[in-house]
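Letters A, B, ... are given to chains in the order of the sequence lines, protein chains preceding strands, and every chain is numbered from 1.
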Amino acid sequence: MHKNKYALIVVDNASTNTDKLFTYIIPEEIINYIEVGKRVLVPFGKSNRLLEGLVIEIVDDINFSSNKLKPIKKVIDDTPILSKKLIELGLWMKDKYLAQYIEVFKTIMPTGISNKVIKYIRITEGYNRAYEDRLDEKQKKIIEYLLELKECELNRLKTDLCIKNINLHIKDLEDRGLVELFDKIDTGIGKKYEKFVKRLFDKDKTTEIIDSLKKNANKQIEVIRTLSDVEYIKLKELMMKTDCGYSTVKSLHSKGLIEILDINVNRNPIKRYIPPYKRVSLTEHQKLCLDTIINDIYKNNKNKFLIHGVTGSGKTEVYLQLIDKMLKQNKDSIVLVPEISLTPQTVERFMGRFGDNVAILHSRLSIGERYDEWRKIKEGKVKIVVGARSAVFAPFNNLGLIIIDEEHENSYKSSMNPKYNAIEVAEKRCDLENAALVLGSATPSIETYYRAKNGDFKLLEMPIRANKAKMPSIEIVDMKEELEKGNKSIFSESLFKAIKDNLHNKKQTILFLNRRGFSTFISCRKCGYVVKCSECDISMTYHLDSNILKCHYCGLSVKPPTTCPECGSRYIKYFGIGTQKVEEYIKKLFPSAKVARMDVDNTTKKGSHERILSDMKNGKIDILIGTQMISKGLDFPNVTLVGIIAADMSLNLPDFRASERTFQLITQVSGRAGRGDVEGRVILQTYEPEHYSILTSKEHDYKKFYDMEIKIRKEFNYPPYTNIINIVLGSKDEIKLNEASKEFYFCLVNRLEKNLNVIRNDLILGPNPAPIYKIRNSYRQQIMIKCIEKEVEIVKKILGDLVIDKKNDKMFKDIKISIDINPISII
DNA sequence: AGCACGCCGACT
DNA sequence: GTCGGCGTGCTC
């Protein structure tokens, strides 16, 4: 007799209560098709509605009573959509980041690939109108509706007809055999088709044909002319070139002169021509670095590396040649770069070297484009992926190498569930697939450097710039002194003079301020009222270009008030500076200079980014003003001056990483200066010239900074000496939230005390109002746990169980609980 | 989450 | 009685 096999399945149903593996019977007829990593359709719940599921494991036996088990309905995929290794990685992530199965696997699978099963309803084939007498009014209405449409989505019928208790009526009709329900699978996005136009007439007869058209059919003539040069052309392109509409093309089609075809195209996100990026010979340090890595991998000595190379030391060339080595062994490589440096400049280097062998993954791709890139990887058409955080899940089967550039960047940590850190995930993936991991940065994160020092990574140093250019000189300007001198401007004398000289010498300048907008807050001088966002506990930023106040947290925008809403006074003043104000001042002070600004406010449109950068490259910009968007990867040899308008902006944030972040920002921005022949100069304005972040960055001394910072981390028990688990409870109801947070805190302490030997009070902090107490009308309370590596697993287990218990607790209704393991910021 | 069941008040 | 509203609990 056939013995059943069973599949453990993650069902596409997001809820804490269904966050487990469900066991299904594998029917005999699909036993040869089902495989771990394929998607299936399964009946779920009392109504047996069909849901998509992912097969995690196939087992021969189960150890519980099986009378409740249902059979799998259908296998969706021909080949597994996820490899076993990626499934294993997902299961690891679930535990590591306390996430749900479904969240994890939706992150690993390409977005937009998921199927939806939609219920349809139709009249049965043998329907006979004679039955209608026996129906009540409502049922007649349903039948009438269906007779007209033949079949329709069940939900559409329900909303269109507005009949109460409609489910019962439908069920009754179904029981009588008058209507039937059936499922249709909506496969989401498919392959991309694009309309092409094909010429059907002979090229030599072009003039003849033009003569045959009406004399006033100018547009049609234009189209024929264009087509005489090319046989195929994209419809869009044709319409653009000839400035004609679809009707023109259609009328030529009806005349039989052209054909309109749907052709399957792979969307190609990089549409421009990319010049080859030639291999350059390596400097001594680059060569040493490359050889060490290759040797260690080859000898199986070590497969995790940290390259600490100063800005401009040529890390990219090392990456490129490493990838080349991998290609020679027929192995795949993943390159992660921070989202904001996924600029054409970076992409061009990889595509310029490896051409069509590269797939690109970043957030600005459309769902369809992303799917195409994913498919190229999956089908083995490319061996290299360059992408942001989620590219760490690229579905390669023969992975040899993961490179993470600018390893210290915040964007490697996801802010959505699962709140994973791509560096940790990459490390795990490399362990699972026996691949090598290379991290690179000019300013490694304290955690990574600490681990390198402890031998987890092999530390490789590249202390000088590849073209022997000197590191820029950094001059610190104390803004308190400027003020005493009577200079109230946002530019110190020294910076002003430097910009002037630079303009005169026809060199480019970059001005950096890590805050967008014009004024950071506006306030009444009479009563002190500050305009705050009505949804968030945050002051609103004034934007000059659109003349509105914007909340940078929820995006809400309002018109700025002309009189104070509190006291009616008209003395409204604008305080604080943002990039727009810097731009405004610069334009006033240097009217002849060509000025551009680059921040999220003017780079959301596709291509805007590229335009500013190419203008910069072609010398169409003298002064570029920007936020941290301009701090990464830009390589313009003609930039000789960098001005940091307010270096302490990031220093005073209530976050233990404030010093680290400041050091990184200063170093990265400074690194934009003096990449060409002329030595770069950086002018750094600050109110805290004695701070160690500022002093060590002036000296380009990472190690000194590290030594000071790591002492502080140890003293105050911060990472890397501890793990931080940040729990944020949120709700629109402030009072309920306070009660719930206290309850959560006490339960947590209680359970931890029962399970841990030592429990120190300072290790569970809270509940405290979060630094931004209200966001989008939701209040937030924070509980923070600090725990040592040895205890982190048990603490997470206890916390995870507690969350599940509390979600079923009435007291926690409408309370959102969000957990972040080792958050990137505790604000 | 999404669905069915069941309890209870309102209304014919 | 019976319609329909909403709270409760379960999903292999």
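For A/Ala422, the side chain to side chain contact (heavy atoms under 4.5 Å, CB included) partners are A/Leu336, A/Arg389, A/Tyr412, A/Tyr420, not counting sequence neighbours.
Within 4.0 Å of A/Phe44, counting heavy atoms only, lies at least one base atom of the nucleic acid. Residue-level contact check: A/Ser47 touches the backbone only, with heavy atoms under 4.0 Å from sugar-phosphate atoms and none from bases.
When DNA chain B is scanned in the 5' to 3' direction for atoms under 4.0 Å from non-hydrogen atoms of chain A, the outermost contacting nucleotides are B/dA1 to B/dA4.
Between A/Arg39 and A/Asp12 there is no salt bridge, since no side-chain N of the basic residue sits under 4.0 Å from a carboxylate O of the acidic one. Contact check on A/Glu739 versus A/Lys736 returns no salt bridge, with no Lys/Arg side-chain nitrogen under 4.0 Å from an Asp/Glu carboxylate oxygen. No salt bridge links A/Lys428 with A/Asp431; every basic N to acidic carboxylate O contact stays at or beyond 4.0 Å. One finds a salt bridge joining A/Lys532 and A/Asp537 here, because a Lys/Arg side-chain nitrogen approaches an Asp/Glu carboxylate oxygen to under 4.0 Å.
Rounded to whole Å, atom C1' of C/dC12 lies 10 Å from atom CD1 of A/Ile72. In this structure, A/Asn13 places its CG atom 10 Å from P of C/dC12, rounding to the nearest Å. Atom NZ in A/Lys73 sits about 15 Å away from atom P in C/dC12, given to the nearest Å. A/Ile9 places its CD1 atom 9 Å from the C1' atom of C/dC12, with the value rounded to the nearest Å. Rounded to a whole Å, the CD1 atom of A/Ile26 is 16 Å from the P atom of C/dC12. We find that OH of A/Tyr6 is positioned 12 Å from C1' of C/dC12, with the value rounded to whole Å. As a whole-Å value, the separation of A/Lys810 NZ from C/dC6 C1' is 13 Å. One can place CG of A/Leu50 at 12 Å from P of C/dC12, the figure rounded to the nearest angstrom.
Ranked by how close their nearest DNA chain C nucleotide is to the 5' end, A/Pro71 and A/Lys46 are led by A/Lys46.
Dense packing is recorded around CD of A/Glu379, with more than 12 heavy atoms of other residues, nucleotides or ligands lying under 6.0 Å away.
Between A/Lys20 and C/dC12, a side-chain N or O to OP1/OP2 separation shorter than 4.0 Å is absent.
The aromatic ring centroids of A/Tyr6 and A/Tyr24 lie 6.0 Å or more from each other.
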